[in-house]
Asks: 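Handing you this structure, nothing more for now.
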Amino acid sequence: MKHIKGLIKFTAFLFIFSAAIFAQTTGKISGKVLFGDNKTPLHGATVEIVELKRTAITDESGSYEFSGVPAGRYTIHVHNEGFADATKNIVVTAGATANLDFPMLITGVKETVTVTATGSEQSTFDAIQTTSSVDSNAILERPGVGLGDAVNNQPGVTKRDSGAGSSRPVIRGFDGDRVKVTTDGVSVGSLASQSGDHAEPIDVLAVERIEVVKGPATLLYGSNAIGGVVNAISGHDEDMHPGFRGYFSTSGSTNSNQAAASGGGEYGIKNWLFWTNLSGQRSGDFAAGGNFGKVVNSFTRNASFTGGLGYYANKFFANGNYNFYQSRYGIPLDFR
């Protein structure tokens, strides 16, 4: 009996000693997220340690805390719907608590965008590779039905098409299977890289942003990305949020009587996030103007549906997604 009690005491001592050693090699990060004008606490904001991919949600007082953070330098990123994203750097020392507050400002334009040139999350201000990003607002400002229309006129990017529905990016003069098209980093693998008549099966109205990667960073995606990579980001592989969020957007143009509409929603509960999107686009024959008249058989009809769910833990996530994409487009012909 004495031996058992001694063993229990020794085990407890080792546990306490190990905990003390661990506490001496790690630190804490804490602070508050506040509305910049009047210092009102913002609850429900997502705070992330980018390098560790750890997230925390602010409470009713706007406070957050990370414990057990290894000593080192980290980038802290804060996101709250309707506010400009905020990013700061902080140094964590062993056995100490680093305090970092974030004043948030309301804006619809300035925000931190994550790019994929290095294969991991990185701010555009920190990226050294040649990378550009087109967010959802910019996509709506240029109402186009194809992926090439959405990224056209980005630095080093143009498009090729045989009609509005089949536009595809051309990066630094490279086309076809030299430009890789992906969704959340996964290759689309459509026939558009081999045939100028086919469209890329990507609903540009439902994505959060589209990233264009050029230069040496494209080697991370394989040899058929030597020209560049166009990556459509849904945002569902980054984090989750509690409650419901939704959107509805429309766009149109008088040329070719083009019209488009897209709507969707996300609902988060505990560690689960559910989402769905529905989009539709149409356009008639393109009106070239002057004495050229309309380009016969250049109409488009697109419809898309997306549904999925994901589970997000502190150190990993898993999600599944179902996509349905239907496209009808004409192939312009010169009958003269």
Side-chain angles (χ1 to χ4, degrees), residues 28-67 69 74-90 97-116 120-127 133-140 184 206-209 211 233-249 263-277 310-315 317 319:
K28 292 183 179 180
I29 301 176
S30 64
K32 290 188 175 183
V33 179
L34 308 169
F35 180 41
D37 290 344
N38 55 14
K39 306 300 181 181
T40 302
L42 294 177
H43 70 279
T46 302
V47 185
E48 179 184 17
I49 305 177
V50 176
E51 290 79 4
L52 301 180
K53 299 186 183 299
R54 291 178 56 181
T55 59
I57 305 298
T58 57
D59 57 21
E60 295 296 330
S61 64
S63 301
Y64 70 92
E65 180 178 291
F66 295 97
S67 59
V69 180
Y74 299 99
T75 300
I76 310 299
H77 175 71
V78 179
H79 173 79
N80 196 22
E81 193 71 19
F83 293 83
D85 287 9
T87 302
K88 291 184 179 181
N89 294 322
I90 192 171
T97 299
N99 293 307
L100 191 62
D101 295 337
F102 288 87
M104 306 288 283
L105 299 176
I106 297 177
T107 179
V109 179
K110 296 178 61 180
E111 66 175 293
T112 299
V113 179
T114 302
V115 298
T116 56
S120 61
E121 294 186 3
Q122 192 178 25
S123 166
T124 50
F125 298 104
D126 299 328
S133 180
V134 182
D135 61 21
S136 57
N137 291 330
I139 294 174
L140 288 175
D184 290 330
V207 299
E208 182 177 284
R209 64 186 180 276
E211 297 171 354
I233 306 295
S234 67
H236 296 139
D237 62 343
E238 296 176 352
D239 55 23
M240 64 89 61
H241 59 82
F244 176 79
R245 292 180 183 174
Y247 81 94
F248 179 77
S249 57
E266 300 175 344
Y267 181 74
I269 179 172
K270 295 183 178 180
N271 293 86
W272 291 92
L273 182 68
F274 305 86
W275 61 83
T276 183
N277 302 92
Y311 180 82
Y312 300 83
N314 290 332
K315 296 184 178 181
F317 73 91
N319 60 40

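This chain uses plain numbering: 1 for the first residue, then up along the sequence.
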Asks: Quick one: pull up OG1 in T276 and CD in E266 and give me the separation to the nearest 0.5 Å.
Replies: 10.5 Å

Asks: Is there a side-chain contact (heavy atoms from CB on, under 4.5 Å) between T87 and I76 once you walk through the steps?
Replies: CA-CA 6 Å; T87 302; I76 310 299; over 6 Å; no

Asks: Can you sort out the partners of N80 under side-chain hydrogen bond (donor to acceptor under 3.5 Å, both in side chains), two or more places apart, ordered by chain and number?
Replies: none

Asks: Does Y74 reach the side chain of L52, with side-chain heavy atoms less than 4.5 Å apart?
Replies: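 Heavy-atom side-chain distance check passes, below 4.5 Å.
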
Asks: To the closest 0.5 Å, what do you measure between CD1 (I49) and CZ (F66)?
Replies: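 If we round to the nearest 0.5 Å, I49:CD1 and F66:CZ are 4.5 Å apart.
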
Asks: Ignoring hydrogens and angles, tell me if any N or O in the side chain of N271 forms a donor-acceptor pair with the backbone of Y311 under 3.5 Å.
Replies: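 No; zero donor-acceptor contacts below 3.5 Å.
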
Asks: Indicate the atoms forming the closest heavy-atom contact of F102 with A86, along with that distance.
Replies: CD2-CB, 3.7 Å

Asks: At what distance, to the nearest 0.5 angstrom, does CD of E48 lie from NE2 of H79?
Replies: 11.0 Å

Asks: Who pairs with F244 by side-chain contact (heavy atoms from CB on, under 4.5 Å), at least two apart in sequence or on another chain?
Replies: Y267

Asks: Going by the rule side-chain contact (heavy atoms from CB on, under 4.5 Å), which residues pair with S61 if we only count those two or more places apart in sequence or in a different chain?
Replies: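 Applying side-chain contact (heavy atoms from CB on, under 4.5 Å) to S61 gives D59, S63.
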
Asks: Looking at side-chain heavy atoms only, is the closest gap between F274 and I269 below 4.5 Å?
Replies: yes

Asks: Name all residues meeting the salt bridge (charged side-chain N to carboxylate O under 4.0 Å, His left out) criterion together with R54; count only those two or more places apart in sequence or in a different chain, and write none if there are none.
Replies: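 Residues passing salt bridge (charged side-chain N to carboxylate O under 4.0 Å, His left out) with R54: none at all.
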
Asks: Backbone N or O of T75 within a donor-acceptor pair of the E51 side chain at under 3.5 Å?
Replies: yes

Asks: Shortest non-hydrogen contact from P41 to L34?
Replies: CA-CD2, 3.8 Å

Asks: Just verifying a value: how many Å separate Y312 OH and N319 CG, rounded to the nearest 0.5 Å?
Replies: 4.5 Å

Asks: Report the residues that fulfil side-chain hydrogen bond (donor to acceptor under 3.5 Å, both in side chains) with Y247, sequence neighbours left out, ordered by chain and then residue number.
Replies: S262, N277

Asks: Sequence neighbours excluded, which residues qualify as side-chain contact (heavy atoms from CB on, under 4.5 Å) partners of N99?
Replies: S30, T97

Asks: Compare every heavy atom of H43 with every heavy atom of E60, then report the nearest pair and how far apart it is.
Replies: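 Looking at all heavy atoms of both residues, the closest pair is CA-CB, 3.8 Å.
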
Asks: How far apart are the closest heavy atoms of S67 and K28, and which atoms are they?
Replies: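 Answer, listing the atom of S67 first, then K28: CA-CG, 4.0 Å.
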
Asks: Quick one: closest heavy-atom pair of D184 and I233, and the distance?
Replies: OD1-CA, 3.4 Å

Asks: For M104, which of D85, T40, V78 qualifies under side-chain contact (heavy atoms from CB on, under 4.5 Å)?
Replies: V78

Asks: Closest heavy-atom contact between Y64 and V33?
Replies: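 So the two residues come closest at CD2-CG2, 4.3 Å.
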
Asks: So, T55 side chain and V47 main chain: donor-acceptor pair closer than 3.5 Å or not?
Replies: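 No; zero donor-acceptor contacts below 3.5 Å.
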
